Each structure stands twice: as structure tokens, then as C-alpha cells.
Amino acid sequence: ANIIVVSHGQANDPFWSVVKNGVEMAAEHTGADVDYRAPETFDMVAMSQLIDAAVNQEPDGLVVSIPDADALGPSIRRAVNAGIPVISINAGSDVSKSLGALLHIGQEEYDAGKVAGEKLKAMGGKKGICVNQEVGNVSLDQRCAGFTEGFGGNVAILPTTNDPSEIESKVRAALDSNPDVDTIMALGASTAGEPTVAAVKSLGLSGDVRVASFDLSADFLKAIVDGDATFAIDQQQFLQGYMAVDFLALNADYGLMPGGNVPSGPNLITAEKAAQVIDLSAKGIR
Amino acid sequence: MSESILHMDNIEKHFGNVIALNGVSFDVKPGECHCLLGDNGAGKSTFIKTMSGVYRPSQGQIYMGGKPVQFGSPRDAMAAGIACVYQDLAMIPLMSVARNFFMGREPTKGKFLWKRFDTEHADEITMTEMKKMGINLRSADQAVGTLSGGERQTVAIARAVYFGAKVLILDEPTSALGVRQTSNVLATIDKVREQGVGVVFISHNVRHALAVGDRFTVLNRGQTLGTAARGEITSDELQDLMAGGQELAQLEGSLGGTI
Amino acid sequence: MSESILHMDNIEKHFGNVIALNGVSFDVKPGECHCLLGDNGAGKSTFIKTMSGVYRPSQGQIYMGGKPVQFGSPRDAMAAGIACVYQDLAMIPLMSVARNFFMGREPTKGKFLWKRFDTEHADEITMTEMKKMGINLRSADQAVGTLSGGERQTVAIARAVYFGAKVLILDEPTSALGVRQTSNVLATIDKVREQGVGVVFISHNVRHALAVGDRFTVLNRGQTLGTAARGEITSDELQDLMAGGQELAQLEGSLGGTI
Amino acid sequence: MSLENDSTVDERLKEESRVARLMKRPELGAVAGALLVAIFFMFTADGSMFTLSGIINILSPAAQLGILAIAAALLMIGGEFDLSIGSMVAFAGLVFGFCVVNFDLPLILAIPITLIFCAGVGAVNGQIVLRTGLPSFIVTLAFLFILRGLSLVGLKAATGGSTQLRGVRDAVEGDPLAPFFSGDAFQGFFQWAASMGWIDTFRSGLPKVPGIPVEIIWFIVLAGVATYVLLKTPAGNWIFAAGGDKTAASNSGVPVRKVKIALFMLTASCAALLAITQVLDAGSTDARRGFMKEFEAIIAAVIGGCLLTGGYGSAIGAFFGSIIFGMVVIGLTYTNIDQDWFQVFLGSMLLLAVIFNNAIRKRVTGER
Amino acid sequence: MSLENDSTVDERLKEESRVARLMKRPELGAVAGALLVAIFFMFTADGSMFTLSGIINILSPAAQLGILAIAAALLMIGGEFDLSIGSMVAFAGLVFGFCVVNFDLPLILAIPITLIFCAGVGAVNGQIVLRTGLPSFIVTLAFLFILRGLSLVGLKAATGGSTQLRGVRDAVEGDPLAPFFSGDAFQGFFQWAASMGWIDTFRSGLPKVPGIPVEIIWFIVLAGVATYVLLKTPAGNWIFAAGGDKTAASNSGVPVRKVKIALFMLTASCAALLAITQVLDAGSTDARRGFMKEFEAIIAAVIGGCLLTGGYGSAIGAFFGSIIFGMVVIGLTYTNIDQDWFQVFLGSMLLLAVIFNNAIRKRVTGER
Ligand SMILES: Nc1ncnc2c1ncn2[C@@H]1O[C@H](COP(=O)(O)OP(=O)(O)OP(=O)(O)O)[C@@H](O)[C@H]1O
Ligand SMILES: Nc1ncnc2c1ncn2[C@@H]1O[C@H](COP(=O)(O)OP(=O)(O)OP(=O)(O)O)[C@@H](O)[C@H]1O
Ligand SMILES: [Mg+2]
Ligand SMILES: [Mg+2]
């Protein structure tokens, strides 16, 4: 079978590289011929063009993420109209059905953020910061928005680039000038999470300021184990890539397809679980 | 003699802490060729750039036809009837000869939306005017950057002459020209002067100046040393003045006064 | 007479579809000043650029001291003892006079890691050498871009002369110079010639050429019209040759043969 | 002096072939690069790349980039940069979306408002550059940040907290101007062609290509107009002159300031035009739109032979530069190359295309 | 000819104040900009910004940027660009991490290998630029993509699937060279100062600032050396000449090709140096390191007064340009300004700083 995956995350994005690893493993296991594609930056117009390109090749299955249903809708409908089975992953659970996708695998960024926010609030958080390393990337903005909602509102967004030293300095600056901040949510473990931990540590605030992060990275997990960070939100994105391809391959060969959406997260990784996943994370599986 | 077209009154020009002109007065009458002479760095180019709107004077006033004027840009000065050949020629090396020739004053054909740059006409005129000056261009399409020094200078002169004006300013127009081209340029000056145009002519060559000049003004270190009319001054006196009044270098004699 | 230092044999140079030089031979002997004359666009600058390593000849061979040489860059030619003043002067407008003067051949002081550009020394020499040529610079720090045309040309000449060489090439060195500066440059040519340097001198001014030239070669449209020694040719003959053999423009007579 | 007797053929000119003459034009080098890239994909890509729908699929992003690249090329020829056009796409999208969704304005008002507003920002850019004498690089860079930031703030204000403004499609439903700025042109023709079996159809019988996306039409029209202006009007001459040497141009009477301001307004307007078509097509806009497009536009212009230092280049070059860039970016997805290698190939292809185009031109024109 | 009698004071020179003379230097304009920005934050930012730890916190990212910016400034003065330095940071990080983690090499080998390898890539960049005559913008842009892509591919190969290579800190534990490239310098002094109560301490009695991060030392040393080379050595003269006018420089005997190649190697090496300090500090490297740093470096150089067209600028300018940029980027988090406005402020502050620096210089030097 010939399957194409079009996502909004670049191959060098740590989160999406795990999805891609899942895609590749599924390709190996099923023997399907799979291509992973993504625009160079978070760019919905470019992404819709990539979907169009995929449709032109008339694959046996198409996997897409849908961070902007308006922009991507027409291209996805075109795929559906062309008779290509479509599965949506990661973003877009609310619109997946109406655009004609067979099912959705993943977790809404907003919901995940909300769960994390509620948890941190329950742990006693009063004032939070959301470190966003790519402001304007809607799926990251939604993570912040969900976190703000779950945390109960008192959250400032800290926009940064994805340069670790800049993130570290900015977090230090934010903590220096707002001593009552007690919670920091980072939107990516390796890009934002690790420097945040470093900043908190260098200010001698480990323990006083709770750090949580989306996604996993080995060093961040280690920080959780060491008690420098609280938890990481794992949506097991490996599954999103793996299962979508697996389902479509089975569908192409035998016409099989599960009957409903598959939630792959959220899944909070705390100190107890962290140790087990470090190695897997270092290999790009979690 | 008639009223002057252009009168520069007590012009000063400072660049930062450098005083390039320190109160220079000068005028041009219609139909005369007024030579501006002086040593290197005397301020001649700076002075004519003030005249043609490139620089705004730090002090002093410019009058045209008796009325005070202020030129915001060379375009203003051009509109007022001042054409200028700059010492650095003001050409764009990457552009073709014809495009340089008509730069800023492109001939058009057609109307309204179809009004367009008449390139054939431009090419033709360029070739013709250059030929009049004694240069056979290979093609009007050639980039100015690939012309020889003298060819380039000729383009600048032909351009200024072609567009006519009330005042024609030439800053060392003959410096890079060959014998034939030089005599063409001097003849051209003679011709436009007869048409009632006032010519300002800068040169280091006493013979060129004497050949066409009606009056001679000598600048020295940013100030005028005085103005003389044709016939009031000999070639040698002029040469001494141009050298800034300082004694000529000792070897001149041994070279037989040939300069 | 002695052997020639530099001999150019049947040089051709093509730019794309333009044939700038079509087989030119030329030589310079030590202690002579060989004038290269010709109309605008004759190919003089192209020829001397081939001589000084800027262009590689399309055809033909260069010999130095009898041995065939090939210059990959002007730096090679310099190393072989050829100094050149280009018509476009080869100066960087944004850099100071002193830095331009020593560009590529900076004087240093100190040793090893502390070997550094000796700026005071450079400034001093620049001021001195310029003064010798008759230009009083305000400061060696001034950017070349703010110098007057003649001041700039003087820097280029002073530089080439200062660094000495076996062959000194001057492409229209006096074109923008004042009377005093010109006589200084001609005197300088005379002086270096006496030191056994071979000088190649390009000029459109017959008087300048006759004042210092030992031999005269005339180029026309990329080819040699022939070489004459001093005394073998009169000023008028030379002038006719330089104008490319074509009849002079008709007005010349009325200007009194003063050009 | 009679001229006829002189106008003989110059003995100092070698014969020059027609091809050589053509290749000397800056625009035509880029064609060679485009051909090279096309040939590369002929051999390596899936066959569907060169079907009608594949070609449209490549041209559509190329056209969107090209609308910016042509304007950027004109500005570059005029000697300036505009790094704010990418952010301007997001900003114009916000202004336009705001007009259409929040104020319910019809397109006949919303489009001119957007264009004028953006041209105004362009003029401000230009004024600052000319007044302060600062390099346009740094001034427009400041506007890159400012406009991107304002888009974010504005979007949040317009939507009440989201960075995505949606619902444009519903708001313009049935507007008579919409077909000029969105969707596909010549749909009737394509339907008919499909029914005649001349073009590919989906299993459902619909034509695979429903029409020519309007941005492609805009792209071609813009390239044509820009080329005409550059080569055939006084304004074109002024642009070359202003970019070639500002002082010399101004000394020769070219209104350099006016030319530059007009060019800044043009690039901003082109960014707004692109934003309008994108927003209408996508039905939404977000704070990330046009991200890095300023660089892609400059890249396309440079591939097409524009000099960064100004004074040299062409609109046709930028046209083919955009096509090369679009072809490489989309084309790689038609090959079996792993996405991980995508950037390596993108870089290599660009380099090859440019070197090839350069080598061809040098060989043909006999430069050393 | 006697000279003494001529060497009187020139009557055509107005008196010039010392200040005016100083401000004419390109580097010193940037100081005014830096002061303006500092004063702005004095009034708007939290007091903690100007404590010792706050200043170190700002200088540390400024220094990292500055290491690139100074090299980029030298290259820009020499008339070329290198857009690949950001990607080079990621690539060098990979090479270095690979040497240290996968091959277990000691730093004394790993660091030279990384530097030489990267300098080699820089030389390739330079060779292509000089051989083909293509603009360096487009050539190094291709390498921007290629190196970024290779970093990804290499990281995945080195780690077996992840985009992050970790374990560097363990691998270099106890290496005698490590303190020169990571961590803080002068720790003893700071400890002592803390114990004397001269600097702020944590409750635990440890100094809030344990030392000066080594990248700041490198930054200052680099700025000093680059300034010395530019102003006081023949090589510096050649750099200015090569950038001012390539043909004129080469005609005057400057080895333009060698100078440019050396500069390309320098920028690549500085990127590698930055990568080494970053990797040692963070203990890991990933495929997105150095993203967009090439532009920030160019921005810092331009803020510091370098001309994009080459031939003019200074290392000290780039030094202060980096500090301005770092101060603005980090400083805003110390203020109460809504962070959504971040980019708007970044843009406005940059513009203000540059306009101010320019205005000051013009006023002082009396330019029109
Ligand atoms: N922009 C400037 N900044 C500073 N000084 C300048 C500037 N332009 C000219 N000067 C100085 O002003 C003086 C006059 O220069 P100008 O070019 O007018 O001389 P000139 O009479 O034309 O000389 P030449 O015969 O050599 O062309 C010179 O000493 C020059 O160094
Ligand atoms: N790079 C080039 N490309 C094409 N043609 C060129 C190039 N350089 C020079 N030429 C042409 O070659 C011819 C000779 O030019 P050259 O500069 O050698 O003349 P010249 O004898 O020095 O003239 P002048 O006395 O005016 O300085 C000219 O007609 C010129 O147009
Ligand atoms: Mg002058
Ligand atoms: Mg010449």
C-alpha cells in the first residue's frame, strides 16, 4: 500500500520527529510505502498545497493533522472526494468527521493543556507562566490557552525563540521580576522545558517553582526523576503516527477500519513513571 | 553686456569641519563662456554642485534672472534650465548608454496607459549624438561600465548638450578626451554659446580655457582670486594664477614650459 | 640601447563579442619613457591592464627580461616589479587616504604576534609624498571619497611612484591635475626614468607626451599605427596620428590650433 | 557632418549568435535553471508531478511566492530591501479579515481598504528609510517585528483571545468580487474539457483540476506588467537608475525619493494582495501567515538574477526564480526522498540551479 | 623641497571637538544606542534587571549572539554574507557531540576536530562563491538548508532516531579543557566576594552569580582581537579594501580571494566555537540549535553600523549591537508590558536605537 502523511510539524521538531518515527516503524511492520511530509514552518497555506500534491499521487491512504479546518478543509475534502481514505491525527478531532475523515487519533492540544493546568492548580499553583517558543503557531497557542483555562486564569505568556540560552535568560528574568510566580508550563520539553529547569535551578528555586512541560525529552524526564520538574504531558504521539499508518495499510489490504476515534493522550508522566521512559525518549519513541 | 542669467552671491559650503567654499561670488551671462579655474582642491566642483542643486549652500544666495532661488535637488535646477556635466559624470555603469543618455528625461510615445519609453528613438539619438562628438559606438545597448574613460565622458557631455538649457555647466569635460573629441567639445561650446546659452567651463588646461573663454574666474583654497575678461590677461598670468600663486615646481623650466 | 625589460608580443584581448585589442606589440626599455597614445576607445587602458595582470590576454605572450611570464593577478605583476596607476585609480572611496596609499603593501612594526600596521608611519609618509606632488592634505585620515578629483589622482600617482618598480605604468595620470601638480608629475616621471625605471605613459595631451616621451606608440582601434622615437616625429604629425588619422573636426582651425 | 558614410559594420565586433544575445538578458538565465530542475524531476519524481493537476499544484505556491518575489525584485533593482513583506501578509490578512468578519464589509470596500492601509505602511517604511538615511534592511526589519507583533495583538483582540481568525468564507459568500481573488478561474472550460475526456478526472467524474487558481493569473499578469514597466517605461529606467547609483541618478534628474517610496508601497500592496487571496481561499488567517516569506521572495529574486546591491535584475527572472523555488519545494514531495533529507536536497537543488544558470550565461556570452 | 614651512595649520579646517572626533568612528554610534536602551529600561523595568545577576543574565545570550555577530561583521566588512552560520551551529554541535559521545574523544581532540571541520565547510562556501562569482547570499543560503538538513540526518543516525543528542556532560566530566568552554569563570573570586557580603547571595549563602559565564569572556576577547585585526594590521586593511571595492583592491595588490576565504573560515569557526560552548553548557544538542541566528547576527552587525554593501563597519559596533539586541530581547521580560506586545516593542526599540545612534552621529559630525 502507498500511504502519505502530511502534518504541520517539521521533521526536525522533536515532537514530530517522534510521530515520524512511528510512521516509519509502521511502514516497516506493514510493508507499506509511506511518505512523511510537512511544510518548512507552521504555514497552513503551504500545508494545504502539500495535501493537494499528495492527492494528486492518489495514495491508498492519507494521514493529516488539522490545526486549521478552514484552511485545510477544501484540500481534505478534495482527497475524500477523490476516494482516498483519510485519517486525521493530533489536531482536529472536532472537525475530523465533518470533513470526511474516517477517524481521528490523538489528543486535542487545548484539552491536554487544560488537564495539566488543573493538575498544577490542584498542586497549589497560584501564578503561572506559559513559555511559548513559537508564538502564532496555533497548536502551541492552544496548549497555552488550555493551560490558562485549567489553571484558573492567572497565567502570563512568555514568548521566546527556540534558542535555549535565550529561553533560560528570559525565564530567569521573568522569575526575577515576578517573585510570586510558582508554576511554569513549557510547551516543548527539549526546546523550552530543559532551559526552564536550568533557569529555575540557577536561581535556587527548585522545589519552590513547579515546572511542567508538554512532550518528552530524556533530560527533562531526568529532571522529573531528580525532582527539579513536576511532570511532562505525553500524548504518545508515536501512536498517532504508527496507528494511522497501520490502520490505513490494513484498510488498503483488507478493508479493515476501527469504528471510532482513538485518544492517544493525555498522559501525565510523573516521577514514578519517568525513569522507565527516559531510554525510550532518547531513542525518539516517546 | 546683458543681465546675468545666474548669479551666485557669496556662497559658503562646509562639510563637517571642512570649509570647502568660503564666500565665492560668480555670475554667468547669456551667450558667454565663463571659465572657472583653479588648483586641485580649490573648490570648483563643490561650487558648481551648489549651482546645480546637488548641495545646498551653507551660506549665500543664488539668483536666477535676478530672482532668488533655492534648488532642493538637481531635478529642480534642471527644471530651471541648468544642465551639468559632473566631474564624476553621474552615470550608472550597469545601464546601457542609451538609458544613461536619457536618464531622468526619457522620450515617450503612445498615450495614457500606452505611454511608453521610446527605446528605438532613444537608441537612434544616442548613436547620432555620440557620432557628432566623434565617437562611433558599437551599439547603444552597451553598458556604460564597459566604455573607455573618454567614451564615457563623451556620453555625459553629449547628454547635457542635447537637452539644451539656459546654463550649461561643464566640469573638466575634456580631461579624458582624445584630440579629436576635445576639438569637437570646444566647437560645441562655441556653438551653444552662440545660441545664447551661458556656459560655465572648468578646465586645468589653459589653452582650452583661452580657446573658448570670455571671462576667467580663478578659485584658490575656497576663495575667488578675481575675474578677468578675455584679452585682459595673458596665458602666462592665467597659468600662474591657476597654480595658486605659489611658485611653480622647479623642474618646469627644464621641461620647456610645455605644459 | 639596452634590452627591453617588458615586451608584449602580439597581444589580443576579446570581451565577449568585442575585440578590444587585435594584435598589439610593445616594449619598454629601462630608463626610457614610452608614450602610448591613441584616440578614445583605441584600447590603451585595456592594453596596459593586460600588462599589469588585470586581464589575461586572449592571445599573445608577455616577456619580462626576455622570459615569458604569465600574471595571474595584479599582485603577481607587482611582485614582478610592475607598478600601475589605473585610469579609474583603483581606490576605495570609504577608506582613508593613508590606508589607500598603502593598500596591499602595509608597513608593519613589531614582531610575530605583535606585528602590526604602522599607522603613524603610514600617515606621515602619505602626507609627505602628497606634499611632494603639490597637494597639502588636511589629514591622512580623510576618506578618499571626499577628495577632489585631482587630489585623488595624485594619491594614486604618489603611491605607484613611492613603491618603486622596474616598470611604472601611468594611464592618463595628469588628466584631472592642476598646472602645478602636472608639472610635478612630469618632473617625477623624468626623475624615475633617470633611475633606470621604464615608464609607460598614456596621455591625450601631445605637449605632455612630447615633454617627457622617448618613444611614441600610437594605437588605433585595437591595432598599432607604429612607433616613433623622439625627434623622428613632429608635434603636428603626432597629433594627426592620435586623432586616429581621420581628418580633424572642421572647427579646429577657428579655435586657433590651441588644443 | 554626414553620418551615413560612417555607419558601416564595426570591424571590432565578432559575430554574435541570436542565442547568445538572448541569454545575455538577466531574465533568461533563470529559464535554464528552471529547465534543469524540471529535467531532474522528470527522472526522479512520480509521474503525477507532470500531469496537469501536478503542474497546477506546483504553480500555485510558486505563484503565491511570485507575487511577493516580483515586487521584491523591483524593490531590489531600485536598491532597497523590504523584510517586512512576510509580516505584512499576516497583518494585511488581519486587516482584511477584520473588515470582512467583524465589520461585515463587502469586498468592494474591504479590498481597497486593505490595499490602501498596507500601501500606507509601505510609504511609512520608505519615508523612514529616506529621511533617516538608514539602510532599508534595518528599518524594514523593525517593521518585520512590529507588524508580526501587531498581527498577534490584533488577532487576539478581533477574536477574543485566539490567534486564528476564522469564518471569512461564510462572510464573503456570494460576493461578486470574490471570484477575482479566490478559487479557480475558467471552471466552465475545465468542466467541459473533463466531460470531453481531455483532462484527467477523479473516479467521481469531476475534473482533477477544477480550473486555474486565480493567484496564477495574478502572478502572470503581475510579471507581465512589471516587465513592461521595467523595460518599456520611464519609471522602469528610474528604478534601474535609483538602484544603480542613487547619487548619479539624482544628479541626472531622476526623482529618486519618489521612485523608492512608490516601490515600498508596491511591495506592501503586493503583500496585501497575496494576503487577500490567501485569506479568501483558506477562509481563515492566523498570526503565522507569511512567516519567512520575505526571505523566500528575496531568494526567488536572487535566483532569478537580481543583484542584492541593486541596479540589475528583472521581473521575468523573479518569475522563473519563483517557479524554480516552488518546483523544488513541492517537487521533492513527489520523489521518494525521505523528509529528513528534504532540506539537504532543497539546498543542493537551489545551488545547482543557480550555478547552472550562471555557467550557461557565462559560456554563451563568452565572459572570462 | 622643504616641508616644514608648509606644515602650518590649515585655514580651511574648523575646530573639531574631541567628542565629535570620537563619534565619527562607526563603533561609537552604537554605544549611544545601547545607552538609550539601557535608560529606557531603567525607567520601565523591574529593579532586578540592573543587579549583578540581572546584567549577567542579559550579557550571556548577548555574548552568544555576539560571537557570531563579530564574525559576521568582519565578513560583511569584507563584502560577503554567510547565511549558513545558524545552521552551522547545529551542525558543529552534531560533529562535536558525535566526537565526544559516540567516539569518546577527549576535548583536546574533539574541539580542534570540530573547528577544523567547520572551517573546512566555510572554505568550501568561500570557494564556491569565488569560483562561480555567484553572490554569497545565495550560496550560503543553500548551505543554510544543507547543513540544517545534515544535522537532522546526522543526529538521527547518531542517536538512533531522536533529534536530540545527549550525554555530553557525562562524557566530558573532569576534562581539563572543559572549564575554558563551559560554566562560569572566576568562581573563586565571586565566592570570596559573596562571603565578604559584596555581592548578592541566596539564602544558602552561595553567591547569586557564581561567576562570569565563559561565553562572555570569549565574546570580549573576540571583540578585542577583531578590533585589533581590523584597525591595526595589514589583514584588517585588506578586509576593508576587499569589501569596499573588490576590483580596486585586487588591482592594488590585495589578495582578495585569500582574504575572503579566510573570513568565511572565520565565521564558520566562530559558529563552531559557539556550538561547543552551548553543547558543553547544555549537555545536549538538537537539530534546531542556532535557528535564525544568522539573521540575528546580521541584525546585530547592522545595528552596530556595518554596511550591508561592505567596506564599512567595526567589530566594536557589532559588540554593542549584540548587547542592544540582547538587552531588548531579554529586557522586556523585566517590564510589566503585556508580552503579546513583545515583537512590537522589539521592533520599535531596535528602530529607535538605530535612529538615535544615527542622529547623534550626524549631529556631532555636522553632516547635512
Ligand atoms: N563631502 C566632502 N567632505 C569633506 N570634504 C570634502 C567633501 N567634498 C569635497 N571636499 C573637500 O573640499 C575641497 C574642494 O573639493 P572640490 O572637489 O570642489 O575641488 P576641485 O576644485 O573640484 O578640485 P579638482 O580640480 O581636483 O577637481 C577638497 O579639498 C576636498 O577634499
Ligand atoms: N569589459 C569590457 N567589455 C566590453 N567592451 C569593453 C570592455 N572594456 C573595454 N571595452 C571596449 O574596448 C574598447 C577599448 O577600451 P579602452 O578602455 O582600452 O580604451 P582607451 O584607449 O583606454 O580609451 P580612453 O582614452 O577613452 O581611456 C572600448 O571601445 C570599450 O568600449
Ligand atoms: Mg573637481
Ligand atoms: Mg583609457
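Given the structure is predicted, the values throughout are model-derived calculations rather than measurements. A, B, ... follow the sequence lines: proteins, then strands. Residue 1 opens every chain.
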Enclosure of D:Phe50 CZ (heavy-atom neighbours >12, cutoff 6.0 Å): yes

Winner by heavy-atom pair count (cut-off under 4.5 Å) against chain A, out of D:Met292, D:Arg148, D:Arg169, D:Met49: D:Arg169

Heavy-atom proximity to chain A below 4.5 Å, by part of D:Asp286: side chain

Salt bridge A:Glu24-A:Lys20, side-chain N to carboxylate O under 4.0 Å: yes

Residues A:Lys114 and A:Glu108 bridged, charged N to O under 4.0 Å: no

Pick from A:Pro39, A:Ala46, A:Ala38 with the largest number of heavy-atom pairs that fall under 4.5 Å of chain D: A:Ala38

Aromatic D:Phe96 / basic D:Arg289 pairing, under 6.0 angstrom, 45° off normal: no

Max heavy-atom pair count under 4.5 Å with chain D, selected residue of A:Ala53, A:Ala145, A:Ala11: A:Ala53

Polar contact flag, side-chain donor to acceptor under 3.5 angstrom, A:Ser93-A:His104: no

Geometric class of the D:Phe345/D:Trp341 ring pair [parallel <30°, tilted 30-60°, perpendicular >60°]: perpendicular

D:Gln64 side chain to D:Gln278 side chain, donor-acceptor N/O pair below 3.5 angstrom: yes

A:Ser48 portion near chain D, given a 4.5 angstrom heavy-atom threshold: neither

Most contacts with chain A, counted as non-hydrogen pairs under 4.5 angstrom, among D:Ala287, D:Gly283, D:Ser284: D:Ser284

Region of A:Gln142 that comes under 4.5 Å of a non-hydrogen atom in chain D: neither

Which atoms of A:Ala54 approach chain D - backbone, side chain, both or neither, heavy atom under 4.5 Å: neither

From D:Val172, D:Ile276, D:Leu280, residue fulfilling side chain to side chain contact (heavy atoms under 4.5 Å, CB included) relative to D:Val100: D:Val172

Residues D:Ser182 and D:Asp281: side-chain donor-acceptor under 3.5 angstrom: no

Contact leader toward chain D among A:Asp141, A:Val45, A:Ile4, where contacts are heavy-atom pairs under 4.5 Å: A:Val45

Pairs of heavy atoms under 4.5 Å with chain D: top-ranked of A:Asp35, A:Asp68, A:Asp52, A:Thr148: A:Asp68

Under 4.5 Å from a heavy atom of chain A, the part of D:Thr335 involved: backbone

Distance-only donor-acceptor check, side chains A:Ser96 and A:Ser88, under 3.5 Å: yes

Selection from D:Gln164, D:Lys293, D:Arg288, D:Gln343 maximising heavy-atom pairs under 4.5 Å formed with chain A: D:Arg288

A:Ile157 portion near chain D, given a 4.5 angstrom heavy-atom threshold: side chain

A:Val6, part contacting chain D, at a heavy-atom distance under 4.5 Å: neither

Partner chain A: residue of D:Ser151, D:Ala282, D:Gly167 with the largest heavy-atom pair count (under 4.5 Å): D:Ala282

